[in-house]
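Because only heavy atoms are used, hydrogens play no part in the values below, and waters and symmetry mates are left out as well, while side chains stay in. Naming: A, B, ... by sequence-line order, numbering from 1 per chain.
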2 protein chains.
Amino acid sequence: MTAAGRTGISARRARRRRHNHPVFKPTVEDIAVAAGVSTATVSRVLNKPDSVSQFLRDKVRAEVTRLGYLPSGAARALASNRSHTAGAVIPTLNNAIFATAVAAFEAALTNNGYTMLVTVSSYDHIHEIAHVRRLIERGVDALMLVGLDHHDDVWRLIESSKCPAVAIWGHQDNPPIPCLGFDNAAATCGVVDHLVGLGHRRVGMVAGVTEGNDRARARRQGVEETLRRHGLVCTSRRFVEKPYSHQDGRDGLSELLAHGEPPTAIVCGNDVLAMGVMFEARDRGLSIPGDLSVVGFDNLPITEHLSPALTTIDVPSAAIGTATAEAILHHLADGTPIASRVFPAPFLLRQTTAAPA
Amino acid sequence: MTAAGRTGISARRARRRRHNHPVFKPTVEDIAVAAGVSTATVSRVLNKPDSVSQFLRDKVRAEVTRLGYLPSGAARALASNRSHTAGAVIPTLNNAIFATAVAAFEAALTNNGYTMLVTVSSYDHIHEIAHVRRLIERGVDALMLVGLDHHDDVWRLIESSKCPAVAIWGHQDNPPIPCLGFDNAAATCGVVDHLVGLGHRRVGMVAGVTEGNDRARARRQGVEETLRRHGLVCTSRRFVEKPYSHQDGRDGLSELLAHGEPPTAIVCGNDVLAMGVMFEARDRGLSIPGDLSVVGFDNLPITEHLSPALTTIDVPSAAIGTATAEAILHHLADGTPIASRVFPAPFLLRQTTAAPA
DNA sequence: TTGAAAGCGCTAACAA
DNA sequence: TTGTTAGCGCTTTCAA
């Protein structure tokens with residue numbers, strides 16, 4: 001170590017000591033001085049300990065704990081161009097199924113030294129642009145989005161920043177970014193096949209809002225196409241779209257029932273809407289599945305406890321969250337490309353469907 | 001601008017262009033050169049636009065959009081010692097009530113230019129230490145924790161980093177850090193008063209796990225103390241503690257019913273356990289509230305739709321999340337101290353309680 | 001109002 | 001294996 005170097009360091013520390021007296025936060029330099037090594041060695045002990053001799057490693061580590069050293073993520077990120085954070089942009093946290101996916105995503109990240117930044121888009125494509133921009137500015141090493149319906153600016157931002165991004169929940173051939181999800185359309189397709197097989201000819205749907213939501217759209221299309229394939233009526237009055245609340249489900253049923261020739265079976269865009277339908281049916285004295293068959297989507301934990309237990313589609317939310325994190329982590333570790341993946345979303349036959357009366 | 005300065009800048013840009021060819025990410029320097037101003041001016045336009053002349057401001061802004069400039073959060077944070085991020089450490093995201101609070105917290109942060117980092121502690125105090133450390137390393141400007149039960153190391157970390165922290169959900173006199181929550185004990189206290197007023201003498205509880213969880217503990221203590229105050233039996237066999245699932249609620253009821261002189265009313269640590277109790281009662285042919293009174297805690301959206309509708313405590317989760325973010329934001333903006341606050345958690349009398357048979 | 005320049009704390013070539 | 005040193009991209013005095 002040169003005399004100049006030493007002087008520089010002392011000067012710095014002295015200054016810091018004087019200025020920031022209230023909080024003394026040791027830096028690599030402080031550790032280096034205390035352990036009698038260079039800052040490079042301290043950095044090595046922190047990042048690739050195997051490249052440092054046992055002796056110095058222990059010495060440095062001792063000083064790290066003695067001084068309560070905490071590396072500065074900002075400095076680290078700036079110097080290494082890696083923040084060890086990943087971002088998630090989700091439509092809402094008030095949907096248990098997304099919360100579960102996010103939780104699984106976070107768990108896998110945390111286990112690997114990464115931290116998750118999350119922002120909620122509220123299904124608003126315009127706001128989402130700002131969210132994505134902000135996450136990229138924050139330097140996230142990767143991004144998780146929901147679905148493939150996004151504003152052009154979002155794609156541009158991802159493209160120009162070269163930030164690895166993956167879309168979850170959906171499925172599509174040749175997606176612009178890797179996709180880890182399931183086939184929403186195929187799922188509701190199977191539901192309708194089941195219903196028709198039971199003898200239903202008048203099938204309705206309380207769908208989620210499909211505008212700007214490719215998952216909801218796919219679920220609705222699955223129902224429509226299958227109905228047509230079976231040669232059944234598929235008019236718009238058999239379809240209502242509703243946001244995400246139990247009351248919306250109730251309203252949905254009320255509207256469907258308002259027309260002549262009401263449906264004998266109702267496919268729902270998600271379990272919350274399905275439960276709303278069940279509640280409304282109950283209050284109207286309609287028995288399920290006797291008077292009305294109902295099918296949900298998501299397999300929320302509560303649905304199996306309902307009476308009758310809700311027939312639904314099991315969405316592998318935790319598996320998707322975990323797999324997404326792992327794919328990202330691999331990619332970041334050694335460049336492994338992130339591969340799209342289609343998860344099974346099995347039909348769970350329970351007690352809310354039966355042959356029409 | 002000196003010739004030396006210009007040369008330095010050109011040299012840098014040229015180097016960057018050559019090296020990172022695949023991704024060209026403009027920096028303040030690029031903007032400065034393009035707009036014919038200094039980097040200081042670019043920085044000013046970005047951070048305190050009013051201190052720059054209209055002319056230069058427009059010029060810089062034009063270049064910013066033209067070149068698609070995104071500031072580097074890491075560099076910003078390193079230079080300014082402010083990351084414009086806040087951290088949240090929560091026990092779980094799979095509890096709708098926490099998810100709601102986190103969502104509200106995030107919304108308020110995002111509206112003010114901040115980004116949220118979240119980690120899930122899984123109710124593990126040891127893991128929580130690492131999570132808090134990591135968030136502080138990431139440079140969060142503030143921290144939100146749940147409750148006041150934390151490992152000493154967590155307090156030490158907060159203390160030595162001087163990172164502003166606030167605890168939510170609980171309530172305590174002279175807390176070590178500001179507390180935005182409600183009186184958990186007072187709430188269950190009111191519940192027991194109600195039940196006793198109805199004539200119940202044998203009151204049981206399916207509590208959440210109280211170990212390391214001050215909220216669950218307060219709720220249990222509220223029940224125990226009130227029972228004693230009324231001179232009623234309060235033995236341990238009237239209390240079971242369970243994790244957070246419907247099945248746990250079912251198991252809780254089964255255990256309570258297994259003893260002679262089973263309770264005629266059951267107070268639950270949360271709505272999920274309460275619903276589990278209701279499901280189990282239904283399957284056993286017990287009518288609610290005829291044979292058994294049940295009270296929950298949280299006021300999950302679904303509870304009002306159940307039949308009978310669940311009597312519960314309304315937890316102001318969104319209000320807490322929002323208020324916490326706002327308090328933090330104020331503090332960060334102008335040093336306003338963060339004040340503890342007790343929110344009302346009103347008793348919601350619905351249909352699951354009645355006089356004992 | 002604007003610019004020059006010194007860092008913020010760390011990593012990563014490059015040298016030794 | 002270890003040290004030297006030049007930045008990473010920005011903010012922020014200090015001068016002008």
| query | Within less than 4.0 Å of OP1 or OP2 of dG9(D), is there a side-chain N or O belonging to Thr27(B)? | reply | no
| Is the backbone of Ala62(B) close enough, under 3.5 Å, to the side chain of Thr65(B) for a donor and an acceptor to pair up by distance? | yes
| Charged N to carboxylate O under 4.0 angstrom, Glu159(A) versus Arg156(A)? | no
| query | Atom CG of Leu67(A) to atom C1' of dG9(C): distance rounded to whole Å? | reply | 16 Å
| Can you name the residues that form a salt bridge (Lys or Arg N to Asp or Glu O under 4.0 Å) with Glu137(B), not counting sequence neighbours? | none
| field | Value in whole Å for how far the C1' atom of dC10(C) lies from NZ of Lys25(A) | value | 15 Å
| query | Which sits closer to the 5' end of DNA chain C, Gln54(B) or Ala79(B), going by the nucleotide each is nearest to? | reply | Gln54(B)
| Do the ring planes of Trp155(B) and His150(B) sit parallel (below 30°), tilted (30 to 60°) or perpendicular (above 60°)? | perpendicular
| note | By nearest-nucleotide position on DNA chain D, the 5'-leaning member of Asp50(A) and Ala74(B) is Asp50(A)
| message | Is Ser53(B) close enough to dT2(C) that one of its side-chain N or O atoms is under 4.0 Å from OP1 or OP2 there? | response | yes
| said: Does dG3(D) have its OP1 or OP2 closer than 4.0 Å to a side-chain nitrogen or oxygen of Ser38(A)? | reply: yes
| Rounding to a whole Å, what distance do you find between Phe55(A):CZ and dT1(D):P? | 15 Å
| Can you check the Leu56(B) CG to dG3(C) P distance for me, whole Å? | 6 Å
| Which parts of residues 40-49 of chain B get close to DNA chain C, meaning a heavy atom less than 4.0 angstrom away? | Ala40(B), Thr41(B), Arg44(B)
| task | State whether the side chain of Arg57(B) and the backbone N or O of Val45(B) hold a donor-acceptor pair below 3.5 Å, judged by distance alone. | result | no
| Where the side chain of Thr39(B) is concerned, which of dC8(D), dT11(D), dG3(C) is the nearest nucleotide? | dT11(D)
| field | Spacing between Asn81(A) atom CG and dA12(C) atom C1', to the nearest angstrom | value | 12 Å
| Spacing of His84(B) atom NE2 relative to dG9(D) atom C1', expressed in whole Å | 15 Å
| request: Check the distance between dG9(D)'s P and Asp30(B)'s CG and give it to me in whole angstrom. | output: 9 Å
| request: For Tyr69(A), check ring pair (Phe, Tyr, Trp, His ring centres under 6.0 Å) against everything at least two apart and list the hits. | output: none
| query | Knowing that exactly one of Val28(A), Val37(A), Val52(A) qualifies, which makes a side chain to side chain contact (heavy atoms under 4.5 Å, CB included) with Val60(A)? | reply | Val37(A)
| note | Picking from dC10(D), dC10(C), dT12(D), the nucleotide nearest the side-chain atoms of Ser80(B) would be dT12(D)
| request: Using atom CG of Leu78(B) as one end and atom C1' of dC8(C) as the other, report the distance to the nearest whole Å. | output: 4 Å
| task | Can you figure out which of dT11(C), dT12(D), dG3(D) approaches the side chain of Val37(A) most closely? | result | dG3(D)
